[in-house]
Amino acid sequence: MPSADLILPLIDLAPYLSPDATPSSKATVIAQVRAAVAEFGFFQVINHGIPLASQHALIEAIRTLMRIPKEDKLAMSFLKNPCRRGYEGSGDTFRTGDKMHDAKEAFYIGRPSEKIEPPGFHGPNIWPSPELVPEAEFRDPVWSYYQETNRLGREIWQLLIQGLGHPGELLSQFTKKPVVMMKMIRYPPFSSTLPGQFGVGAHTDFGGVTVLLQEAGRNGLEVEHKGEWIPVPALENVLVINAGDMIAGWSGGVYQSAKHRVINKGEEERISCATFWHGDLDATNPFIDGKGEGAAGDETVADLLVKRFRSQFSLMKGKKTEEVVRGEVFAH
Ligand SMILES: O=C(O)CCC(=O)C(=O)O
Ligand SMILES: [Fe+2]
């Protein structure tokens with residue numbers, strides 16, 4: 001049962017991001033973020049720097065894309081793409097241990113690279129042809145939001161690094177060409193969902209920082225906290241931030257990676273967009289500089305992502321390591 005009493009912390013990022021932020025106003029935000037991620041693994045933010053118009057344009061773009069004919073969406077299937085970019089149909093994701101596949105459909109883009117780069121995290125994006133969806137209605141607003149959410153993901157990473165007592169500049173050693181995947185999601189209305197089916201089944205995120213935009217008023221996200229499910233209200237111009245397993249592990253357990261799930265109980269579709277800001281493929285734990293807290297270990301971002309993708313999805317059962325490494329079974 002979702003708990004009505006608990007709410008996630010709501011953090012104002014202005015005292016950290018604004019041009020007149022001072023060392024002391026920044027320190028306050030760093031402490032708030034540390035406390036929230038240590039307790040809940042999740043928090044919500046205001047004054048995050050992503051313009052409202054850009055959020056609205058993104059949501060409209062996702063809605064537009066999801067309305068094109070099914071066969072045109074399937075022609076862009078992420079299952080056929082070596083870097084897992086493109087369209088994920090309802091039912092394509094089945095987490096090990098789930099009773100039923102996810103109801104959601106989604107579309108993925110990431111850092112664009114001309115060539116497919118092993119192990120399959122970097123490569124060209126897929127876009128619908130302009131005849132199908134004019135660039136002004138999908139590609140342009142999506143790309144512009146991707147860049148904004150990238151900037152915010154970087155700031156949150158820096159906040160987390162500072163929260164463990166390290167200088168924020170450590171991030172520039174950790175990342176020059178980070179893996180940043182963006183997943184645009186549509187949840188069908190409740191009446192189109194099978195009995196017992198979740199929009200997204202309970203899971204933790206795999207990697208670094210997740211920045212989540214929920215369409216205002218379309219609730220459905222719940223976060224597990226001490227055995228209870230906390231509903232996360234979908235509020236206008238409020239983003240949700242959470243830490244993934246890589247951060248939790250690298251922080252030596254100071255930061256939490258909380259389980260969460262989505263059930264759209266409404267009679268209207270729900271649109272959301274999650275950006276997963278991981279880090280450079282060959283980067284190792286940025287929380288270690290010999291000073292602050294942090295766990296030891298020399299695994300890279302690529303090692304941890306591949307390991308998690310292999311263990312979580314049934315899709316991967318029976319797949320050979322070479323196939324995983326080629327990126328054939330890479331999904332969020
Ligand atoms: O759509 C949401 O509100 C959450 C999505 C999510 O948890 C995910 O894609 O990992
Ligand atoms: Fe998630």
Steps toward side-chain contact (heavy atoms from CB on, under 4.5 Å) verdict (Trp127, Ile109): CA-CA 9 Å; Trp127 299 102; Ile109 66 159; 3.9 Å; yes
State the CE-CZ distance between Met66 and Arg186, to the nearest 0.5 angstrom. 8.0 Å
Test Ile230 against every option in Glu224, His225, Glu222, His260 by the side chain to side chain contact (heavy atoms under 4.5 Å, CB included) rule and name the one that passes. His225
So which heavy atom on His122 is nearest to which on Arg85, and how close? CA-NH2, 3.6 Å
Quick one: does Val209's side chain get under 4.5 Å of Val211's, heavy atoms only? yes
Does the side chain of Ile30 come within less than 4.5 Å of Tyr16's, by heavy atoms? yes
Polar contact flag, side-chain donor to acceptor under 3.5 angstrom, Asp282-Thr300: no
Within this structure, what is the CG-CD1 distance for the pair Leu52 and Ile50, rounded to the nearest 0.5 Å? 11.0 Å
Side-chain touch Gln256/Glu39, heavy atoms, less than 4.5 angstrom: no
Which heavy-atom pair separates Thr193 from Ala103 by the least distance, and what is that distance? CG2-CB, 4.1 Å
Side-chain touch Leu304/Trp250, heavy atoms, less than 4.5 angstrom: yes
Flag yes if Leu235 and Val240 sit in one hydrophobic cluster, no otherwise; membership is Ile, Leu, Val, Met, Phe, Trp, Tyr, and two members link when side-chain heavy atoms are under 4.5 Å apart. no
Between Val37 and Val254, is there a shared hydrophobic cluster once you connect ILVMFWY residues whose side-chain heavy atoms come closer than 4.5 Å? yes
Does Gln214 offer a backbone N or O that forms a donor-acceptor pair with the side chain of Ser272 under 3.5 Å? no
When you measure from the side chain of Asp102 to the backbone N and O of Lys104, does any donor-acceptor pair fall under 3.5 Å? no
Apply side-chain contact (heavy atoms from CB on, under 4.5 Å) to the pair Lys259 and Val223, showing each step before the final yes or no. CA-CA 6 Å; Lys259 245 189 203 165; Val223 174; over 6 Å; no
Here the gap from Leu305 atom CG to Met246 atom CE, rounded to the nearest 0.5 Å, amounts to 6.0 Å
If we count only N and O atoms by modelled type, under 3.5 Å, do the side chains of Thr284 and Glu299 hold a donor and an acceptor together? no
Would you say that Val33 contacts Leu160 through its side chain, given a criterion of any heavy-atom pair below 4.5 Å between the two side chains? yes
Which heavy atom of Leu164 sits nearest to which heavy atom of Phe287, and what is that distance? CD1-CG, 3.6 Å
Phe107 and ring pair (Phe, Tyr, Trp, His ring centres under 6.0 Å): which single residue from Phe138, Phe78, Tyr87 fits? Phe138
Does the Ser18 side chain pair with the main chain of Pro15, one donor and one acceptor, at a distance under 3.5 Å? no
Passing candidate, side chain to side chain contact (heavy atoms under 4.5 Å, CB included) with Trp277, options Thr149, Asn150, Leu152: Asn150
Would you say the side chains of Thr28 and Ser25 form a donor-acceptor pair under 3.5 Å? no
Counting only heavy atoms from other residues, nucleotides and ligands, does the tally under 6.0 Å from CD of Glu267 exceed 12? yes
Please tell me whether Gln162 and Arg34 have a donor and an acceptor in their side chains that are separated by less than 3.5 angstrom. no
Look at the side-chain heavy atoms of Ile, Leu, Val, Met, Phe, Trp and Tyr, link any pair under 4.5 Å apart, and say whether Val238 and Ile241 land in one connected group. no
Looking at Asn219 and Ala234, would you say the former's side chain and the latter's main chain have a donor-acceptor pair under 3.5 Å? yes
Within a strict 4.5 Å, meaning less than it, do heavy atoms of the Leu212 and Leu221 side chains meet? yes
Look at the side chain of Gln44 and the backbone N and O of Pro233, then say whether any donor-acceptor pair between them is shorter than 3.5 Å. yes
Check for a donor-acceptor pair, side chain of Asp280 on one end and backbone N or O of Lys177 on the other, with a separation under 3.5 Å. yes
Without hydrogens or angle criteria, can the side chains of His48 and Glu155 be said to hold a donor-acceptor pair below 3.5 Å? no
Arg261 to Phe198, cation-pi by 6.0 Å centre distance and 45° axis angle: no
Under 3.5 Å side-chain donor-acceptor pair for Ser113 and Glu117: yes
If we check side chain to side chain contact (heavy atoms under 4.5 Å, CB included) with Tyr108, which of these qualifies: Glu88, Arg84, Met184, Met76? Glu88
Residues Ser54 and Glu148: side-chain donor-acceptor under 3.5 angstrom: yes
Side-chain heavy atoms of Pro286 within contact of Leu171, under 4.5 Å: no
Go through it in stages, so that I can follow the logic: the residues are Cys273 and Leu58, the test is side-chain contact (heavy atoms from CB on, under 4.5 Å), and I'd like the CA-CA distance, side-chain angles, deciding distance and then a yes or no. CA-CA 9 Å; Cys273 179; Leu58 176 77; 3.6 Å; yes
Under 3.5 Å, is there a donor-acceptor pair between the side chain of His278 and the main chain of Gly208? yes
Side-chain donor/acceptor of Gln158 to backbone N/O of Gly168, under 3.5 Å: yes
Mind listing the closest non-hydrogen atom pair of Ala274 and Thr210 along with its distance? CB-CG2, 4.1 Å
Non-hydrogen atoms of Pro167 and Ile161 that approach each other most closely: O-CG2, 3.4 Å
Taking atom CZ of Phe40 and atom CD1 of Ile7, what is their separation to the nearest 0.5 Å? 8.5 Å
With sequence neighbours left out, which residue pairs that include part of residues 53-76 fulfil the salt bridge (charged side-chain N to carboxylate O under 4.0 Å, His left out) condition? Glu60-Arg63, Arg63-Glu215, Arg63-Glu269, Lys73-Glu105
Backbone of Gly220 reached by a side-chain donor or acceptor of Asn264 within 3.5 Å: no
Could you tell me which non-hydrogen atom of Val301 sits nearest to which non-hydrogen atom of Gly279, and how far apart they are? CG1-O, 4.0 Å
Check step by step if side-chain contact (heavy atoms from CB on, under 4.5 Å) holds for Phe276 and Met182. CA-CA 6 Å; Phe276 304 99; Met182 190 164 107; over 6 Å; no
Supply the atom-to-atom distance Lys26 NZ to Leu17 CG, rounded to the nearest 0.5 angstrom. 8.5 Å
Distance (rounded to the nearest 0.5 Å) between Ile46 CD1 and Ile11 CD1: 10.0 Å
Does atom NZ of Lys115 have more than 12 heavy-atom neighbours, drawn from other residues, nucleotides or ligands, at distances under 6.0 Å? no
Spell out, yes or no, whether Leu74 and Ile68 are grouped together once hydrophobic residues are joined by side-chain heavy atoms under 4.5 Å, including indirect joins. yes
Check: Asn81 side chain, Gly86 main-chain N or O, donor-acceptor pair, under 3.5 Å: no
Quick check, are the ring centers of Phe174 and Trp157 under 6.0 angstrom apart? yes
Is it true that Val200 and Met100 fall in one hydrophobic cluster, defined by side-chain heavy atoms closer than 4.5 Å? no
Are the side chains of Ser257 and Ile247 in touch, meaning some heavy atoms are under 4.5 Å apart? no
Going by the rule ring-ring contact (aromatic ring centres under 6.0 Å, His included), which residues pair with Tyr146 if we only count those two or more places apart in sequence or in a different chain? Trp143
